K.L.:
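Could you have a look at this structure, given as structure tokens, before my questions?
Please read all numbers here as calculations on a predicted model, not as lab measurements.
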2 protein chains.
Amino acid sequence: MENCTPSLDTAFHALADPTRRAVISRLMTGPAPVKELAEPFSIGLPAFLKHLRVLEESGLIATEKSGRVRTCRIRPKRLLDAETWLSEQRALWQAGADRLAAYVENQMTEDNDE
Amino acid sequence: MENCTPSLDTAFHALADPTRRAVISRLMTGPAPVKELAEPFSIGLPAFLKHLRVLEESGLIATEKSGRVRTCRIRPKRLLDAETWLSEQRALWQAGADRLAAYVENQMTEDNDE
DNA sequence: CATTTAGTTCACCACATGGCAAACAATGAT
DNA sequence: ATCATTGTTTGCCATGTGGTGAACTAAATG
């Protein structure tokens, strides 16, 4: 249940943008060149490349240039790191839920908004 | 496997800061007033309140003021939303892994770096 | 009432982010 | 050799972020 700060910062930050999440989703189905990745979006290439750089520096993706085309692929490890942190937090919460079962039951019933 | 943009943006962004993640971790063990939450950190109250506001507007926590003390508690739903998105992505990846078992095996062996 | 305590608001600052346009490689195709 | 394709770099700009210090409100406490 560490707070292993340095990598989670960049990973969560990278995920906090719809364009970048869409790129992640796309790459989950297999590698792709930059142009194909950028196609669905209405932004220019320079802006899109910035997103790719954020993703790469966060360790969520890896890119490799062969000829004039740069191919991007997913890097599942960092995704798993983020997921692990979240599930650890949930485990922490459930431990507290066991301690204060009745109180938490009350919290949940008033938490069904939105 | 939606990209349900609006809430994930703010949730992931809120999680992209070590101070805010530490607050989340602390609140997982039960509610706490602002002063107690701010104590472990070396930043001033105004800065800390900004973090709390980010957390609250992201829906990750809820706060309630009683008398002169504002009590903060966790809101597990948004945490679960983020965790769900991540696990959906992983499922997507595993589907691709089934399709291209051999290729992905190759990818994993060259992904043991860092 | 006077004072500490807890939180809030305000003005300000340095810096990162996300976007653009435009010019510049470098490779593949004709 | 020419030319289209695919990135890449460079300025530039508006906005958001994370921090500060100082002034202020409101509730317990003596």
K.L.:
Nearest-Å distance, CG (Asp9(B)) to P (dT17(D))?
P.N.:
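In whole Å, dT17(D) P lies 11 Å from Asp9(B) CG.
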K.L.:
Between dT17(D) atom P and Phe12(A) atom CZ, what is the distance in whole Å?
P.N.:
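Nearest whole value for this atom pair: 18 Å.
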K.L.:
So, does Arg53(B) get its side chain near the phosphate of dT8(C), meaning an N or O under 4.0 Å from OP1 or OP2?
P.N.:
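No, Arg53(B) has no side-chain N/O under 4.0 Å of OP1/OP2 on dT8(C).
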K.L.:
Salt-bridged, Arg21(B) to Asp17(B), with N to O below 4.0 Å?
P.N.:
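Judged by the 4.0 Å cut-off on N to carboxylate O distance, Arg21(B) and Asp17(B) do not form a salt bridge.
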K.L.:
Measure from CZ on Phe41(B) to C1' on dT20(D) and round the result to the nearest Å.
P.N.:
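For the pair Phe41(B) CZ and dT20(D) C1', the rounded distance is 18 Å.
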K.L.:
Val54(A) vs His13(A), test: side-chain contact (heavy atoms from CB on, under 4.5 Å). Steps then yes/no.
P.N.:
CA-CA 9 Å; Val54(A) 169; His13(A) 171 249; 4.2 Å; yes
K.L.:
Does one hydrophobic cluster hold both Leu49(A) and Val69(A), with members joined at side-chain heavy-atom distances below 4.5 Å?
P.N.:
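Result: no, two separate clusters.
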K.L.:
Would you say Ser87(A) and Glu83(B) are linked by a side-chain donor-acceptor pair, where the criterion is simply a distance under 3.5 Å?
P.N.:
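There is no such pair (donor and acceptor under 3.5 Å, judged by atom type) between the side chains of Glu83(B) and Ser87(A).
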K.L.:
Going by an N to O cut-off under 4.0 Å, is there a salt bridge joining Glu64(B) and Arg73(B)?
P.N.:
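No salt bridge links Glu64(B) with Arg73(B).
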K.L.:
Nearest heavy atom decides the nucleotide; on that basis, is His13(A) or Leu49(B) closer to the 5' end of DNA chain C?
P.N.:
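Nearest-nucleotide comparison on DNA chain C picks Leu49(B).
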K.L.:
Atom CG of Leu45(A) to atom P of dC20(C): distance rounded to whole Å?
P.N.:
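My rounded result for the distance is 10 Å.
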K.L.:
Of the listed nucleotides (dT6(D), dG18(C), dG18(D)), which one gets closest to any side-chain atom of His51(A)?
P.N.:
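It is dG18(C).
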K.L.:
Give the nucleotide from the list dA22(C), dG18(C), dG7(C) with an atom nearest to the side chain of Pro46(A).
P.N.:
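That would be dA22(C).
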K.L.:
Please work out if Lys50(B) contacts a base, only the sugar-phosphate, or nothing of the nucleic acid, heavy-atom cut-off 4.0 Å.
P.N.:
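The answer is base, as Lys50(B) lies within the cut-off (heavy atoms under 4.0 Å) of a base atom.
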K.L.:
From CD of Glu64(A) over to P of dT6(D), roughly how many Å is that when rounded to an integer?
P.N.:
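Rounded to the whole Å, the gap is 19 Å.
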K.L.:
In whole angstrom, what separates Lys65(A)'s NZ from dT5(D)'s P?
P.N.:
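Spelled out: NZ on Lys65(A) to P on dT5(D) is 17 Å.
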K.L.:
Roughly, in whole Å, what's the span from CG in Asp17(A) to C1' in dG18(C)?
P.N.:
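After rounding, the gap between these two atoms is 8 Å.
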K.L.:
Taking the nucleotide of DNA chain D with the closest heavy atom to each, which residue, Ile43(B) or Arg68(A), is nearer the 5' end?
P.N.:
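Result of the comparison: Arg68(A).
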K.L.:
Side chain of Val34(A) only, heavy atoms from C-beta on: which candidate in dG7(C), dT6(D), dG7(D) is closest?
P.N.:
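Nearest to the side-chain atoms of Val34(A), counting from C-beta on, is dG7(D).
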K.L.:
Within this structure, what is the CZ-to-P distance between Phe48(A) and dG18(C), rounded to whole angstrom?
P.N.:
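After rounding, the gap between these two atoms is 13 Å.
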